[in-house]
There are 2 protein chains.
Amino acid sequence: MSVTLTDISQALGLSVSTVSKALNGYRDVAPETRDRVLSMAQAMGYHPNTAARNLRRQRTDKIGLLLNTPIMDINDYLVEVMAGSALAAEQLGYNLVLYTNATDRSEALLRLCRTREVDGVLLIWTHVPDTAIDLLQSEGVPAVVFGRRVDHPTASYVAPDNYAGMRALMDHLLGLGHRRIGFFGRPALRTTHEDRLAAYQDALAQAGIPFDPDLVVTTRLEPNSGYLAMQRLLDLPEPPSAVFAFHDGLALQAIRAAAERGLRIPQDVAVAGFDGWRSGLFANPPMTTVQLPLREMGQRAVSILLERIEHPDLPPVREIFPVELVVRASTAGDV
Amino acid sequence: MSVTLTDISQALGLSVSTVSKALNGYRDVAPETRDRVLSMAQAMGYHPNTAARNLRRQRTDKIGLLLNTPIMDINDYLVEVMAGSALAAEQLGYNLVLYTNATDRSEALLRLCRTREVDGVLLIWTHVPDTAIDLLQSEGVPAVVFGRRVDHPTASYVAPDNYAGMRALMDHLLGLGHRRIGFFGRPALRTTHEDRLAAYQDALAQAGIPFDPDLVVTTRLEPNSGYLAMQRLLDLPEPPSAVFAFHDGLALQAIRAAAERGLRIPQDVAVAGFDGWRSGLFANPPMTTVQLPLREMGQRAVSILLERIEHPDLPPVREIFPVELVVRASTAGDV
DNA sequence: AGGTACCACGAAATCGATTTCGTGTCAAGG
DNA sequence: CCTTGACACGAAATCGATTTCGTGGTACCT
């Protein structure tokens with residue numbers, strides 16, 4: 001069995017109250033007594049029982065990271081967000097708990113909220129259903145949505161500037177002379193998809209290029225969705241000379257599909273991604289992408305969440321982060 | 001505030017004991033009473049307080065997944081293990097908590113053990129220091145080491161058959177006619193490194209090829225360690241015609257280094273990895289590798305751990321899993 | 001009738017730490 | 001000499017759920 005406060009108090013002939021206060025830095029403990037308690041605790045290997053402490057303090061010092069994908073679909077994007085969040089949480093004295101369940105997720109969300117397992121949640125739900133937001137708000141659970149805009153009046157979120165990023169990428173591709181540009185969409189991601197598609201269409205319009213619906217294909221959360229999408233585009237009677245993939249993971253698959261047909265990249269077909277996955281740097285050829293400041297966004301999301309835990313009545317915070325076009329060899333061979 | 005047992009008991013004019021028993025399926029509750037309790041709990045939105053329940057039951061129904069890398073170094077290998085573990089844990093009624101802290105990890109380990117935050121730990125520590133094992137054993141914390149052999153007499157582990165996998169890979173490369181084969185080592189991974197290196201040397205010896213120390217380079221946990229290692233090998237006066245990278249992540253970097261020099265793969269230099277990363281499949285060209293059954297190993301590790309939680313005195317379990325050579329275009333261009 | 005056996009429920013202890021409140025001691029100040 | 005107040009400590013309530021034990025009541029058997 002573990003060492004408890006009672007054990008220490010008995011060993012020293014003190015009361016549990018005094019021992020607890022000594023360990024927690026209360027002022028009404030004699031310095032000499034404090035020293036005795038501290039060294040005895042050290043000697044006996046005491047560590048406070050988490051459950052007991054949580055129960056009494058009515059808080060857990062934990063925040064939940066809720067992903068909307070199965071664990072096996074954790075990717076570069078999520079890892080960066082997790083890393084940023086973990087860093088901020090650690091600095092601010094909180095622990096991060098990862099929740100990503102295989103089956104039903106709304107059930108998990110409910111449990112988290114109501115069993116008070118965590119003090120607040122960070123939703124890395126790129127397609128958060130509005131019902132979940134409503135639920136959280138009505139339960140009074142502090143929450144921040146990561147990665148997309150949300151309309152709910154009291155919800156906070158942190159999101160990238162998808163429109164600006166997509167415009168920058170389109171300007172780059174158009175500047176290289178491409179006029180038929182494929183677009184891997186992801187309608188399930190809602191506002192993210194809408195923003196990027198809007199930027200795509202606006203850029204075409206501004207360049208005087210008619211919009212061709214055949215160049216827009218839909219991808220899903222499947223291991224080879226990008227591979228299939230690329231095949232479809234390449235099978236068109238008039239295939240594109242450049243392709244935009246909704247994220248770099250899809251772009252890597254697109255490269256493979258092109259390579260299998262013996263197409264050279266970027267001479268025969270240019271490929272660009274989005275989000276700035278680390279593995280895009282080590283792709284062959286290295287991937288042009290739009291870099292999101294995911295690490296910083298993750299940190300910021302956590303600090304917003306913690307403010308909200310301390311002060312539940314604060315007004316919501318919405319932040320849009322600037323993004324950066326990174327040009328590499330998959331579109332511009334000589335860079 | 002949340003709904004508690006007391007709230008329900010007062011609403012129904014019952015005692016907390018009866019309410020608790022009704023919810024927990026005890027037999028000494030009248031069917032009619034049970035129904036009343038259940039529907040009232042439903043109506044009031046009751047969910048048991050985790051801290052209180054953990055405190056009383058002296059268990060958390062959680063197991064800790066302890067990684068020895070910062071969160072940002074989560075990769076395909078770890079994701080597969082996590083996915084397998086999560087699946088098994090969920091099926092067996094346990095939650096998985098991910099621990100990977102940025103700074104000091106032995107401190108985290110200690111806290112986990114002693115504060116009873118989890119019922120047991122799965123150590124995905126590819127280079128578990130023996131002191132950590134000793135610590136766990138002396139604290140009596142149920143634990144299973146994932147990914148490498150461990151010598152400690154009472155420690156359980158689950159590991160791949162590195163030697164056999166490496167031999168199979170070498171036989172493949174030697175069969176293609178390669179006689180100068182580079183080897184990316186990773187001495188920090190101890191037994192894993194030793195086993196693979198031994199297989200490398202044994203295979204060479206059996207083929208009558210002298211061992212050349214210049215072909216063995218060391219890699220570390222750095223974002224571009226494989227890239228640098230490949231450059232070193234390619235700079236040799238007599239560069240290798242094939243290269244083995246310690247894992248597929250390094251192999252991807254090696255491909256990039258080769259591609260930057262205009263070398264064709266596998267015609268000018270063949271590249272093979274290990275561990276069977278998913279992204280190796282979408283590499284350009286797709287990567288030859290040794291596939292580890294990580295998902296199954298993760299599941300098995302969890303089930304071993306849970307057995308040990310239920311019955312702490314069981315003898316240790318050590319399991320070595322068979323691996324499979326997967327040949328792709330990075331070594332055999334026409335496959 | 002008396003005893004046994006269940007049945008359905010409540011009282012109360014318990015898990016381990018935190019925190020409020022109270023108490024005795026001693027020194028300083030009027 | 002008495003009061004005031006700081007000081008150092010202990011008693012006890014508390015957080016919310018679980019679980020043991022006990023108690024009336026009813027049915028059944030001899």
Side-chain angles (χ1 to χ4, degrees), chain A residues 1-38 40-42 44-62 93 111-119, chain B residues 1-38 40-42 44-62 93 111-119:
Chain A
M1 225 47 237
S2 292
V3 181
T4 70
L5 277 191
T6 308
D7 297 334
I8 299 182
S9 71
Q10 285 174 352
L12 289 174
L14 292 170
S15 73
V16 274
S17 334
T18 305
V19 175
S20 172
K21 283 186 281 196
L23 292 171
N24 287 308
Y26 279 63
R27 287 184 300 96
D28 60 345
V29 176
E32 190 224 2
T33 307
R34 181 187 309 281
D35 291 344
R36 288 206 304 144
V37 170
L38 258 47
M40 180 59 84
Q42 177 78 27
M44 297 178 70
Y46 169 77
H47 282 257
N49 179 295
T50 304
R53 154 173 263 173
N54 288 350
L55 175 58
R56 177 63 228 223
R57 309 219 337 233
Q58 295 290 79
R59 50 184 292 183
T60 62
D61 295 335
K62 293 190 210 301
R111 275 207 354 174
L112 271 183
C113 308
R114 293 184 167 150
T115 60
R116 305 287 158 182
E117 282 196 31
V118 296
D119 297 338
Chain B
M1 227 48 241
S2 290
V3 181
T4 70
L5 277 191
T6 309
D7 297 334
I8 299 183
S9 71
Q10 285 174 353
L12 290 173
L14 292 170
S15 72
V16 274
S17 333
T18 305
V19 174
S20 172
K21 283 186 282 196
L23 292 171
N24 287 306
Y26 279 63
R27 286 184 299 101
D28 58 345
V29 176
E32 189 223 3
T33 308
R34 180 188 309 281
D35 290 344
R36 288 205 305 144
V37 170
L38 258 47
M40 178 59 83
Q42 177 78 29
M44 296 177 73
Y46 169 78
H47 282 258
N49 180 297
T50 305
R53 154 173 264 176
N54 288 349
L55 175 58
R56 176 63 230 222
R57 310 223 330 234
Q58 296 290 83
R59 50 184 291 183
T60 62
D61 294 336
K62 292 189 211 302
R111 274 207 354 176
L112 271 183
C113 309
R114 293 184 167 150
T115 59
R116 305 286 157 183
E117 282 196 31
V118 295
D119 298 339

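- Dashed line: the shortest gap from a side-chain N or O of B:Asn24 to OP1 or OP2 of D:dT18 is under 4.0 Å.
- Side chains of A:Thr60 and A:Asn54: no donor on one and acceptor on the other come within 3.5 Å.
- Side-chain proximity of B:Ser15 to the nucleotides D:dG10, C:dG10, C:dG16 is greatest for C:dG10.
- The base of D:dC7 lies outside donor-acceptor range of the side chain of A:Asp28, with no N or O pair under 3.5 Å.
- Here C:dC7 presents its P atom at 19 Å from CG of B:Leu14, a figure rounded to the nearest Å.
- Between B:Tyr46 and D:dA17 there is a side-chain N or O to OP1 or OP2 distance below 4.0 Å.
- Contact annotation: A:Thr33 reaches the phosphate of D:dC9 (side-chain N/O to OP1 or OP2, under 4.0 Å).
- The side chain of A:Thr18 places no N or O atom within less than 4.0 Å of a non-bridging phosphate oxygen (OP1 or OP2) of D:dC9.
- Contact check, B:Gln58 against C:dG16: a side-chain N or O comes under 4.0 Å of OP1 or OP2.
- Atom P of nucleotide D:dG10 and atom CG of A:Leu12 are separated by 10 Å, given to the nearest angstrom.
- OP1 or OP2 of C:dT18 lies within a sub-4.0 Å distance of a side-chain N or O belonging to A:Arg53.
- The A:Arg56 side chain lies nearest to C:dT18 when the options are C:dT18, D:dG16, C:dA8.
- Comparing D:dC9, C:dC9, D:dA17 against the side chain of B:Pro48 picks out D:dA17 as the nearest.
- The side chain of B:Ser20 contributes an N or O atom lying less than 4.0 Å from OP1 or OP2 of D:dT18.
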